Amino acid sequence: MQKIINGAMLRSMIVTSAKLLEINKAQIDALNVFPVPDGDTGTNMSLTFQSAVKELLKCQSNKVSDVAEAVSKGALRGARGNSGVILSQVLRGFCNHLKNCEEIDVKLFAQALVSGAQIAYGAVSKPKEGTILTVARIVAEHASSIKGKNKDFETFLPEIIAKGEEAVKLTPTLLPVLKKAGVVDAGGKGLMCLYEGMYKALMGETVSGDSIMADSTSVDTAMEHADIMSLGSIEFAYCTEFFIINLNKKTTLADIERLRETLMTIGDCVIVIGDLELVKVHVHTNQPGVALSKALELGELDKLKIENMLEQNRALMKKYEEEKKQMGMLAISAGEGLSNIFKDLMVDAVIEGGQSMNPSASDIADAVQRINADNVFVFPNNKNVILAAEQAKSLVENRIIHVIPTKNVPQGFASALAFNPELSVNENKTNMIHAIDSVTVGQVTYAVRNTKMDGFELKIGDIMGLDNKKILAVGKEVSQVALDLIKKLRSGEEIITLYYGADVKEEEAEGLAELIRENLPDCEVEVHNGGQPIYYYYLALE
């Protein structure tokens, strides 16, 4: 068990984290949801990290203090965009806590994480929860709480990573614009590369190839699924960034703080960080000239960048309108496998829901708003969701919702398959509704209480086979009940499709398929991983 990290290992951790962020930058870029992404979050964070690595590679020493100083210095010099600047401050606080150390134990590592989070919060004039700051803070707090229990890094790092992933999932509940767009915070997702990369380096894993970050959310993260029209307008037009170098001898830390206060009166997203050797400035303002002139009172300006976000927004809106479709599709589903099948059928978005977790009308309306189409067909796939889908119609602007009354997932698949973009809205709606009757559906689950129903005396844990109305088969073995259910449902159908749930292993599903073929040799049997909770199988007979 590794209880100590030396300078060489710290160097490897930083380099590996930077590689992981570089690999995943496109995935993180796709999470930007605001009217104009303030640069690209993943790209900016990666470039910031690459600057830290570049400075680190110049460092010939493997002392912890020297490695930490190089990373802190490089990250500050290369900081780009809001999230890149905040990442640089997380690294700065983390590394500053290590500058006088020869080796790092879990306790010191946790303290460094706390320092990183505190410095990052202090760098932002108006910190917002639901951002990279939240993820940094929650990880640091959890690290502090477990440092006494987990004294080796092999157990310590996975725990803080798991907590960080929980924090990323939490961001949409704290920042309404994220929830509206159906994504998690891009900066928080990017920060996870720091922690995950460190762990991979510690375990001797190499980082290469395609995106390898843990998937911390099931929310659809494609940019085109964001409802751009509802995300607000731009108040301050110019994203202004620069460094102040060669500060005047008379300049003080109080002067730097006064610059920050001045910028807050003429704009937002203000970040002023650094010391009397180097200051990094970022502000959104309609008066970039004022920002520059005030900064010139402190020293020389370097690496100026002023971007017109209004023009960027116009281009983004134009692209959004050009890509708008006449028709789109939304499905409600529970289970990764089922969701993937819907996406393969060209369904634009899938929101999680179903038995025991019905989405609200608002959830459905928000999801519809994210689909860039004038008309959206909604597949509730559960009789308890149909009413909420109908209610969502009154909550949606600039979209027309067409509820296809599917009562289960196989019916949803049949309806999605009936979609033809060459036909009119009304023709598609008619075909989708008719498609519901083209499939006979059964479900296999378990009893949760003792009761008498449909002629059966049920005990807790009994396996039940149902159609959409009643119980048709009961037993103790899942496969046997599924076979009995199929026999009672079948009336000449030749294709039987099994969608197996989260509690069923693939080999068990294949075993059931073979059992069906033996008993019904004239039937073709297909098996798919649905991943749904509660139900062992969804059965579709066609």
Side-chain angles (χ1 to χ4, degrees), residues 1-29 41-75 78-79 83-84 87-88 90-95 97-98 101 103-106 108-110 112-113 116 132 135-136 139-140 143 152-165 168 187-216:
M1 293 293 184
Q2 189 159 341
K3 296 184 177 181
I4 297 295
I5 291 174
N6 59 22
M9 176 55 71
L10 179 61
R11 176 188 291 267
S12 177
M13 285 174 154
I14 295 297
V15 172
T16 303
S17 295
K19 288 181 179 178
L20 189 63
L21 184 51
E22 172 66 18
I23 290 169
N24 286 279
K25 67 181 180 183
Q27 173 190 346
I28 296 164
D29 284 344
T41 298
T43 299
N44 284 341
M45 294 182 75
S46 180
L47 290 171
T48 299
F49 223 146
Q50 294 299 331
S51 178
V53 170
K54 184 177 179 181
E55 194 70 30
L56 179 58
L57 295 178
K58 295 179 184 177
C59 177
Q60 301 300 310
S61 167
N62 268 340
K63 291 182 178 179
V64 168
S65 56
D66 293 337
V67 169
E69 185 174 359
V71 171
S72 178
K73 181 180 178 181
S83 292
L87 172 62
S88 76
V90 171
L91 288 170
R92 179 188 175 198
F94 179 86
C95 291
H97 203 78
L98 305 177
C101 304
E103 56 185 21
I104 310 165
D105 59 11
V106 166
L108 183 60
F109 193 96
L113 289 176
I132 180 176
V135 178
V139 166
D152 61 84
F153 284 96
E154 288 92 337
T155 58
F156 174 75
L157 288 176
E159 278 214 34
I160 67 170
I161 289 170
K163 194 66 176 181
E165 290 169 356
V168 171
K189 188 75 169 173
L191 182 62
M192 289 307 300
C193 287
L194 172 62
Y195 310 129
E196 293 183 29
M198 286 181 164
Y199 180 62
K200 288 180 182 297
L202 183 81
M203 301 306 292
E205 295 183 33
T206 57
V207 171
S208 61
D210 296 328
S211 173
I212 53 179
M213 281 182 69
D215 182 12
S216 65

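Nothing here was measured: the structure is a model prediction, and the numbers come from that model.
The heavy-atom pair separating F156 from V106 by the smallest distance is CD1-CG1, 3.4 Å. Heavy atoms only, all atoms of each residue included: D29 and G42 are closest at OD1-N, 2.8 Å. Nearest heavy atom pair, residue Q60 against residue L57, reads NE2-O, 4.0 Å. Between A70 and C59, the shortest heavy-atom distance links the atoms CB-CB, 4.1 Å. When every heavy atom of E165 is checked against every heavy atom of M192, the shortest pair comes out as N-CE, 3.8 Å. Heavy atoms only, all atoms of each residue included: A75 and T48 are closest at O-CG2, 3.7 Å.
Considering only heavy atoms from C-beta on, D152 comes within 4.5 Å of K3 through its side chain. Looking only at side-chain heavy atoms (C-beta outward), L10 and V71 stay at 4.5 Å or farther from each other. Side-chain contact check for L21 versus L87: some heavy-atom pair is nearer than 4.5 Å. Contact annotation: the side chain of L113 approaches that of I160 to within less than 4.5 Å [non-hydrogen atoms, C-beta and beyond]. Looking at heavy atoms from C-beta onward, K189 lies out of side-chain contact with T41 at the 4.5 angstrom threshold. Taking 4.5 Å as the limit, some side-chain heavy atom of L56 sits within range of a side-chain heavy atom of V67. No side-chain heavy atom of R92 sits under 4.5 Å from any side-chain heavy atom of K73. Taking 4.5 Å as the limit, every side-chain heavy atom of L91 sits out of range of all side-chain heavy atoms of S72.
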Assess the residue pair I4 and I104 against the criterion (side-chain contact (heavy atoms from CB on, under 4.5 Å)); give the C-alpha distance rounded to whole Å, side-chain angles, the decisive distance to 0.1 Å, and a yes or no.
CA-CA 6 Å; I4 297 295; I104 310 165; over 6 Å; no
I14 and M198: CA distance, side-chain angles, deciding distance, side-chain contact (heavy atoms from CB on, under 4.5 Å) verdict
CA-CA 7 Å; I14 295 297; M198 286 181 164; 4.1 Å; yes
Is there a side-chain contact (heavy atoms from CB on, under 4.5 Å) between I5 and E103 once you walk through the steps?
CA-CA 6 Å; I5 291 174; E103 56 185 21; over 6 Å; no
Worked verdict on F109 versus F94 for ring pair (Phe, Tyr, Trp, His ring centres under 6.0 Å)
CA-CA 8 Å; F109 193 96; F94 179 86; 5.2 Å; yes
Yes or no on side-chain contact (heavy atoms from CB on, under 4.5 Å) for K200 and M13, after CA distance, side-chain angles and deciding distance?
CA-CA 8 Å; K200 288 180 182 297; M13 285 174 154; over 6 Å; no
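Distance CZ/F49 to CG/L20: 9.5 Å, rounded to 0.5 Å.
With hydrogens and angles disregarded, a donor-acceptor distance shorter than 3.5 Å links the side chain of D105 to the backbone of L108.
Screening residues 4-22 for side-chain hydrogen bond (donor to acceptor under 3.5 Å, both in side chains), with sequence neighbours left out, gives R11-N62, E22-K25, E22-S46.
The ring-ring contact (aromatic ring centres under 6.0 Å, His included) search around Y195 returns none, not counting sequence neighbours.
At a cut-off of 3.5 Å, with distance as the only test, no side-chain donor of S83 or N44 sits close to an acceptor on the other residue.
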